[in-house]
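A quick write-up on the structure given underneath.
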Protein chains: 2
Amino acid sequence: MPIRLVLADDHPIVLHGLQRLFERYPDLSVVAACADGASTIEAVRTLRPDILVLDLRMTGQSGLDVLRVLSRERLPGRAILLTAAVRDDEVVEAMQLGAMGIVLKDAAPDTLIDCIRRVHNGEQWIEREIVTRAFKTVLDRESASMEAEATLTPREIEIVRMVAKGLRNKAIAEQLAISEGTVKVHLHNIYQKFSVDGRLELVLCAQDRGLV
Amino acid sequence: MPIRLVLADDHPIVLHGLQRLFERYPDLSVVAACADGASTIEAVRTLRPDILVLDLRMTGQSGLDVLRVLSRERLPGRAILLTAAVRDDEVVEAMQLGAMGIVLKDAAPDTLIDCIRRVHNGEQWIEREIVTRAFKTVLDRESASMEAEATLTPREIEIVRMVAKGLRNKAIAEQLAISEGTVKVHLHNIYQKFSVDGRLELVLCAQDRGLV
DNA sequence: CCGAATCTATATCCGCCGGTGTAGACGCGT
DNA sequence: ACGCGTCTACACCGGCGGATATAGATTCGG
């Protein structure tokens, strides 16, 4: 039995092109071709396809919006994103939403066919450059902006780290063998440098800047 | 001019095998073959190769140890990891340390050759399955242990999220159109459920559990 | 050698936070 | 109908956190 596909793309030309393409492969069967998000969701719910080939950028509901809805419904099928270009954060979100494949529109048609068969077979297939770049983005985000610790003195950095561990002023004072008042002074100066209000904001800010 | 290589592998057989392999390619030139971490670092420092082909698992200093040292020295060359198997966290660390390629030992020799040329050309080349898996690991780590939010009521979750943004009790009360006292009660209950002391610990704990 | 930056300390004041107790309203399942 | 969980509210109090002012010690660079 053939692989049952639902297509979604808001460009009729692309949509028909894809249908034509898939007609030439006997193991692929297009059961629905949708031009917007709502009808895509409807089609997936009722037809239960094996694979959903979804345009990432669609007017109105984007492909990610559609995925968000469908991912909450424990659908049995798998999703492949088809797109002209992606931002790294879109890749990240798509993978979190369970997308099993991402194919660029400028890739060879064979690439898409190959991707569909692999995804149907349980594999995950994403263009190498895309994963690599997105991967690096995530890593960067983790260890990002090491700099910008800027004008913090060593002592202040030390204290920020301790605050970020959840220690209270008294504990910090004891551990550094200084008075609690001094800790407060340091913190006060730090707050000004980062223009934050309170230790919680400081910790959040410090996390953004990667000094934790 | 050929691509200058330094090889590092603590198995002599593999090392010689690689040398033999590269001899057949005129555009590749092995300038050093090292059997341990120390001599590898020394070779890279003095010979300044274009590419370092490095075994991940070596007795004594591991490949990652070597990378750690070299990455602190702003070396001009690029590194490719050659390994029988990798754990996801090793992939993550390798990429953070600036490794430009990872090739499995059971891959076809052509794969390694291809990888070397691409990396020398500025590309990043990592076996698809490896990146994909490691990528998912990082994502999982980010959105990990979604569960274990356990017995938190919807309202409580809502408040935790707001606290995690750095909002103070008064602001939360206003935004939820409830009294500040009620916010405190909710927080009190949450503190007990998580057995934490204070909003800062709560936020840190919530971040661990991935509910932010 | 003098000034600037840093780390230290002390002291006061106020506000927010968190603990504790009490209690009413609503919804849900038995 | 009753109990249970949840969300809500108010009040009181102790304590930590943060702002502010003042000031001595040290180190470092001009």
Side-chain angles (χ1 to χ4, degrees), chain A residues 72-74 145-212, chain B residues 143 145-212:
Chain A
R72 275 197 292 268
E73 307 191 8
R74 291 251 152 272
S145 39
M146 243 10 173
E147 341 73 28
E149 55 193 79
T151 51
L152 279 200
T153 71
R155 194 56 155 188
E156 288 170 342
I157 293 179
E158 197 174 4
I159 291 185
V160 168
R161 295 234 156 90
M162 300 181 76
V163 169
K165 280 189 202 161
L167 296 181
R168 47 209 1 55
N169 291 348
K170 189 186 290 185
I172 297 175
E174 286 170 6
Q175 214 165 317
L176 294 181
I178 60 178
S179 87
E180 185 180 346
T182 304
V183 175
K184 289 184 181 181
V185 173
H186 283 307
L187 279 175
H188 176 64
N189 297 331
I190 297 170
Y191 296 150
Q192 286 189 323
K193 288 183 181 176
F194 279 7
S195 50
V196 292
D197 176 28
R199 65 213 291 113
L200 216 177
E201 275 189 26
L202 170 63
V203 171
L204 295 176
C205 178
Q207 288 179 345
D208 280 347
R209 288 179 156 75
L211 8 146
V212 277
Chain B
S143 66
S145 41
M146 243 7 175
E147 339 72 29
E149 56 193 75
T151 50
L152 279 200
T153 70
R155 194 57 154 187
E156 288 169 342
I157 294 178
E158 197 174 5
I159 291 186
V160 168
R161 296 235 157 88
M162 300 180 76
V163 170
K165 278 189 203 161
L167 296 182
R168 26 176 65 29
N169 291 348
K170 190 186 288 186
I172 297 175
E174 285 171 6
Q175 214 165 318
L176 294 180
I178 62 179
S179 87
E180 186 180 346
T182 303
V183 175
K184 290 183 182 180
V185 173
H186 283 307
L187 280 175
H188 176 64
N189 298 331
I190 297 171
Y191 295 151
Q192 286 189 322
K193 288 184 181 176
F194 278 1
S195 51
V196 292
D197 176 26
R199 63 213 292 114
L200 214 178
E201 275 190 24
L202 170 63
V203 171
L204 295 176
C205 177
Q207 289 179 346
D208 281 346
R209 288 180 156 74
L211 10 148
V212 279

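Throughout, protein chains are lettered first and strands after them, A, B, ... in sequence-line order, and every chain is numbered starting at 1.
- Of the side-chain N and O atoms in Tyr191(B), one or more sit less than 4.0 angstrom from OP1 or OP2 of dG18(C).
- Rounded to whole Å, the distance from CG on Asp197(B) to P on dG19(C) is 7 Å.
- Two residues are said to be in side-chain contact when any heavy atoms from C-beta on lie closer than 4.5 Å; Val203(B) and Val203(A) fail this criterion.
- Rounded to whole angstrom, the span from the CG atom of Asn189(A) across to the C1' atom of dG17(D) amounts to 15 Å.
- Separation of atoms CG (Leu202(B)) and CD (Gln207(B)) is listed at 9.5 Å; rounding is to 0.5 Å.
- The side chain of Thr153(A) contributes no N or O atom lying less than 4.0 Å from OP1 or OP2 of dT6(C).
- Considering only residues two or more places apart in sequence or on other chains, Asn189(A) meets the side chain to side chain donor-acceptor pair (under 3.5 Å) condition with none of them.
- Between Asn169(B) and dC16(C) there is no side-chain N or O to OP1 or OP2 distance below 4.0 Å.
- Taking CD1 of Ile190(B) as the start and SG of Cys205(B) as the end, the distance is 11.0 Å to the nearest 0.5 Å.
- In this structure, Glu201(B) atom CD and dC16(D) atom P are separated by 14 Å, rounded to whole Å.
- With values rounded to the nearest 0.5 angstrom, Ile157(A) atom CD1 is found 14.0 Å from Met162(A) atom CE.
- If you measure from atom CG of Leu187(A) to atom C1' of dC16(D), you get 12 Å, rounded to the nearest angstrom.
- Applying the salt bridge (Lys or Arg N to Asp or Glu O under 4.0 Å) definition to pairs two or more places apart or across chains, those involving residues 168-186 of chain B are Asp197(A)-Arg168(B).
- Residues passing the side chain to side chain donor-acceptor pair (under 3.5 Å) test with Glu158(B), sequence neighbours excluded: Arg155(B).
- Minimum atom distance to the side chain of Glu156(B) is reached by dC7(D), of the listed dC7(D), dG18(D), dG18(C).
- Protein atom CD1 of Ile159(A) is 7 Å distant from nucleotide atom P of dT8(C), rounded to whole Å.
- Phosphate proximity of dA9(D) to Thr182(B): present, with a side-chain N or O under 4.0 Å from OP1 or OP2.
- Looking at Thr182(B) and Leu176(B), their side chains never come closer than 4.5 Å, going by heavy atoms from C-beta outward.
- Interface residues of residues 170-179 of chain B facing DNA chain D, ordered by number: Ile178(B), Ser179(B); criterion, heavy-atom separation under 4.0 Å.
- In this structure, CD1 in Ile172(B) is found 10.0 Å from NZ in Lys165(B), a value given to the nearest 0.5 Å.
- In this structure, Ile157(A) atom CD1 and dT6(C) atom C1' are separated by 13 Å, rounded to whole Å.
- When each of Ile159(B), Val163(B), Asn169(B) is checked for a side-chain contact (heavy atoms from CB on, under 4.5 Å) with His186(B), only Ile159(B) meets the rule.
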Distances for protein N/O vs nucleotides 28-30 of chain C N/O pairs under 3.5 angstrom?
none

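- Between His188(B) and dG18(C) there is no side-chain N or O to OP1 or OP2 distance below 4.0 Å.
- Nucleotide dC16(D) holds its P atom 9 Å from the NZ atom of Lys184(A), rounded to whole Å.
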Checklist entry - Between Gln175(A) and Val183(A), does a side-chain contact (heavy atoms from CB on, under 4.5 Å) hold up when you go through it step by step? => result CA-CA 11 Å; Gln175(A) 214 165 317; Val183(A) 175; over 6 Å; no

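- Lys193(A) places a side-chain heavy atom less than 4.5 Å from the side chain of Thr153(A).
- The side chain of Arg168(A) contributes no N or O atom lying less than 4.0 Å from OP1 or OP2 of dG17(D).
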Find every protein N or O atom lying less than 3.5 Å from an N or O atom of nucleotides 22-27 of chain D, and list the pairs.
none

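- Following rounding to the nearest Å, Arg199(B) (CZ) and dC16(D) (C1') show an atom-to-atom distance of 13 Å.
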